[in-house]
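First the structure, in the form of structure tokens, and then the observations on it.
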Amino acid sequence: MISNEKILNKYPDPRRENLIPLLQEIQELHGYVSRETIIEIGSHLPLPASKIYGVATFYNQFRFNPPGKYHIQICRGTACHVKGSSNVLDMLQRELKIKAGETTRDGMFSIEVVACLGACGLAPVISVNGEFHADVSSKKLQLILKQLRAKDKGNG
Amino acid sequence: MFNIEVNSNLIEAKPGEYILSTLKRAGIKVPTLCHLEGLIPSGACRMCVVEVEGMHDLIPSCAFPVSDGMKIKTHSARVVKARKTIVELLLSNHPDDCLYCVRNEDCELQKLAKQHGVIERTFAGEKNKYFLDMSSPSIVRDPSKCILCGRCVRVCEETQGVSAIDFIGRGSKTRIGTAFDEGLNISSCINCGQCIMVCPTAALRGQRYIEEVQEALRDPKKHVVIQHAPAVSVTLGETLNCKNGADVSGIMTSALRTLGFDRVFETSFSADLTIMEEASELVQRIKTGGTLPMFTSCSPGWVKFLEQFYPEFIPNLSTCKSPQMMLGAVIKSYYAEIEGIDPDDIYNVSVMPCVAKKFEAGRQELSNNGKPDIDAVLTTRELAMMIETSGIEANSLSPSIADNPFGERSTAGKLFGVSGGVMEAAIRTANFLLTGYELEQSQILEIRGLDGIKETIVQLGDLTLGVAVVSGLNNARKILEQIKKGRNDLHFIEVMSCPGGCIAGGGQPIKTDIELIKSRMKSLYYIDKSEPVRASHDNPYIKKLYDEYLEHPLSHKSHKLLHTSYSEREVLI
């Protein structure tokens with residue numbers, strides 16, 4: 001595990017307003033906010049773990065599981081909602097047998113719900129590791145997942 | 001001082017205070033929900049809104065300061081309608097299972113709905129569906145009944161300095177929970193139950209052991225004994241229509257016999273025993289250069305608090321078990337022996353003002369080789385319910401006294417129920433152990449009362465002791481931090497988790513407020529004033545127990561039965 005020390009040292013003042021920037025930078029480093037990280041931030045600031053967890057769960061951007069090899073962001077913005085993104089999310093969760101914010105046990109896939117990807121013209125849109133897929137339907141979603149699984153197998 | 005106009009009448013206001021305080025003083029009732037006396041206002045629920053002339057929106061009176069010449073309407077049509085809507089919205093996702101709810105007829109939400117004439121469903125929201133958290137031996141958490149007032153979060157943080165719970169998530173998915181949404185049993189919760197006392201609904205409630213106790217009472221093979229804690233007899237009366245603070249020890253004992261308990265003992269007896277051991281331990285620590293200051297160890301919330309937040313101070317904790325566990329241990333050893341009963345056939349029940357005692361009873365460190373000395377712990381609330389269910393008219397019972405050999409107590413033992421009481425009892429006996437004389441002035445007024453931190457200096461023979469009495473664990477944090485920074489004038493510190501001591505414990509009747517706490521305290525001090533045996537070492541049955549069984553305080557046998565040790569506890573803090 002990469003050490004958080006560098007990031008913590010950037011915020012030497014034990015002030016609670018440093019909590020969110022700390023969480024953001026640490027998530028950027030590890031891809032998620034771990035239990036250990038919360039303990040570390042807690043003793044640095046100092047803040048109780050329940051409070052840090054409370055703040056972190058208030059925002060959609062923080063996740064508490066390591067992201068999968070393929071990190072799927074699903075847009076739940078207004079345009080995507082109108083175009084049925086709620087169904088897309090349901091399908092995705094059913095297909096991968098995980099909920100938003102979770103990672104499959106084999107570490108392959110993770111789902112994140114985002115407020116808007118800024119590509120309303122492509123609604124409903126998902127992004128896999130930053131690559132956008134437009135007009136997602138049930139059929140298209142299954143195809144995308146199939147391709148990703150095949151790609152992974154091909155890589156051995 | 002200046003005047004403000006409320007509902008067309010002039011009332012006096014103090015600069016800087018919140019509107020609600022001014023209204024309260026003038027006897028004007030404004031409904032509240034998230035408000036907690038003495039804590040920082042959060043203005044979360046908006047129940048207390050009032051109309052202020054010149055202001056566009058309704059103002060939460062709990063969090064808005066008064067100003068000169070302010071004109072307020074507390075019950076205008078607009079205000080009353082807003083309050084009603086708030087209640088209706090709170091009910092929109094509530095489970096509505098009042099008939100099956102432990103807080104039925106004792107629920108603030110229910111009361112507010114009634115007060116505001118809510119007689120039909122206005123908003124049909126999606127119901128909350130959350131798991132019931134039954135993981136803790138002391139506290140049940142039912143987030144589906146939660147109305148998110150946040151009182152539990154504030155009392156846990158501000159009063160107790162624990163912060164085991166907080167708001168999690170956002171919007172309609174907001175809930176109260178522990179870090180990582182885990183069970184309360186593995187969280188930093190200290191089981192004090194102050195959250196239960198402030199919860200307006202049944203989202204937080206005590207674990208219930210009534211059924212287990214009733215089953216034991218029905219089992220002819222079991223010898224079922226019960227002990228009652230010092231702070232129970234001065235609160236149970238409130239549930240039996242007695243005067244506030246009335247000491248109902250006598251009728252409670254009769255009621256317990258009517259319920260079918262084979263023996264009724266007093267935890268105040270073992271409080272005397274605790275004092276014999278603890279005062280001896282203090283004297284020994286002082287004489288042999290042991291770790292000081294010594295901390296009391298009878299409050300299980302405090303013990304867990306220390307184990308997880310300040311493990312470096314564990315050596316300061318008295319090794320004495322609490323009175324509940326000491327009595328449990330002597331019942332299953334000495335008592336079993338003299339009565340010729342197999343300890344495994346004894347079912348040991350206690351009635352406590354505390355939900356943390358339920359946790360304490362299950363602790364390995366306090367068991368007899370893994371076997372629990374206490375089998376079930378009831379709270380004052382549970383006992384009141386058992387009495388009600390069984391149809392006992394408590395007031396028509398004639399009072400009776402508890403059974404020997406654990407039925408007599410000194411008034412010092414009884415003082416364990418109030419913050420400062422353990423200290424006062426310990427000083428009386430420590431003085432006797434050191435000098436051979438009784439204290440001339442046995443009442444130590446400096447450590448009485450409801451202040452969170454009380455300190456004084458006592459003179460025992462040629463020994464000068466600095467003592468401190470703390471209640472509410474955020475206050476304990478303050479003292480511990482001072483000691484960490486080098487403060488060294490204190491020798492003995494009493495800590496009780498709940499503010500005011502066990503008379504305000506998390507197992508007491510829900511309606512507990514500052515006035516009730518005061519009357520309970522007065523009652524305990526009245527007992528101390530009016531009875532002759534006022535020091536633990538003068539309790540004849542304590543002498544007998546040592547003569548016949550334990551030999552002397554800190555003997556080998558005492559150490560085996562009455563003392564223990566603690567270790568650091570790893571939880572997410």
Side-chain angles (χ1 to χ4, degrees), chain A residues 4 14-17 19-20 22-24 26-27 30-66 74 76-78 81 86 89-90 93 98-103 111-116, chain B residues 42 44 126 129-131 133 136 141 143 146 148 150 152-190 195 305 308-312 473-474 477 480-481 484 569-573:
Chain A
N4 294 323
R15 288 207 311 251
R16 42 171 77 191
E17 57 260 40
L19 175 59
I20 291 171
L22 270 171
L23 284 169
Q24 283 170 326
I26 282 172
Q27 168 151 306
H30 302 291
Y32 73 113
V33 178
S34 67
R35 216 183 148 87
E36 292 70 29
T37 297
I38 288 201
I39 296 172
E40 262 184 274
I41 298 178
S43 58
H44 181 73
L45 281 181
L47 273 177
S50 62
K51 214 145 234 103
I52 300 175
Y53 186 70
V55 170
T57 52
F58 184 86
Y59 299 100
N60 263 330
Q61 58 177 300
F62 297 114
R63 41 185 298 116
F64 305 96
N65 294 301
I74 164 154
R76 290 284 288 123
T78 314
H81 177 74
S86 165
L89 176 61
D90 282 348
Q93 293 185 138
I98 53 168
K99 286 197 185 113
E102 294 177 350
T103 305
I111 310 175
E112 180 188 356
V113 169
V114 293
C116 182
Chain B
S42 70
E126 200 180 317
K129 275 194 205 112
Y130 293 115
F131 286 113
D133 181 1
S136 155
R141 236 165 37 85
C146 176
L148 299 173
C152 52
V153 173
R154 284 150 66 208
V155 92
C156 195
E157 179 180 0
E158 294 175 40
T159 307
Q160 299 297 51
V162 171
S163 287
I165 45 174
D166 209 316
F167 288 92
I168 292 174
R170 129 167 103 174
S172 62
K173 292 200 171 64
T174 310
R175 65 218 177 266
I176 305 287
T178 61
F180 288 95
D181 253 336
E182 291 169 335
L184 217 47
N185 62 332
I186 55 167
S187 76
S188 60
C189 168
I190 54 157
C195 54
F305 179 89
Q308 60 195 30
F309 293 113
Y310 292 94
E312 66 271 32
L473 293 176
N474 210 20
R477 259 187 202 281
L480 291 170
E481 289 299 330
K484 262 171 108 171
R569 188 180 282 268
E570 293 219 358
V571 296
L572 203 52
I573 52 171

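This is a predicted model, so every value here is computed, not measured. Throughout, a chain's letter reflects where its sequence line sits, starting with A, and its residues are numbered from 1.
Contacts of A:Phe64 with chain B are made by side-chain atoms alone, with heavy-atom separations under 4.5 Å and no backbone atom involved. Contact annotation for B:Phe167: only backbone heavy atoms (N, CA, C, O) come within less than 4.5 Å of a heavy atom of chain A. Proximity to chain B (any heavy atom under 4.5 Å) is restricted, for A:Ile38, to the side chain, taken from C-beta onward.
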Check chain A and chain B for donor-acceptor pairs under 3.5 Å and report each one on its own line.
residue : atom : partner  : partner atom : Å
A:Arg35 : NH1  : B:Glu182 : OE1          : 3.3
A:Arg35 : NH1  : B:Glu182 : OE2          : 2.5
A:Ala49 : N    : B:Ile573 : O            : 3.1
A:Ser50 : OG   : B:Ser163 : O            : 2.6
A:Lys51 : NZ   : B:Glu157 : OE1          : 2.8
A:Lys51 : NZ   : B:Asp166 : OD2          : 2.9
A:Thr57 : OG1  : B:Gly169 : N            : 2.9
A:Phe58 : O    : B:Arg170 : NE           : 3.0

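In this structure B:Cys152 satisfies the side-chain contact (heavy atoms from CB on, under 4.5 Å) test together with B:Ile165, B:Ile176, B:Cys195, B:Leu204, sequence neighbours excluded.
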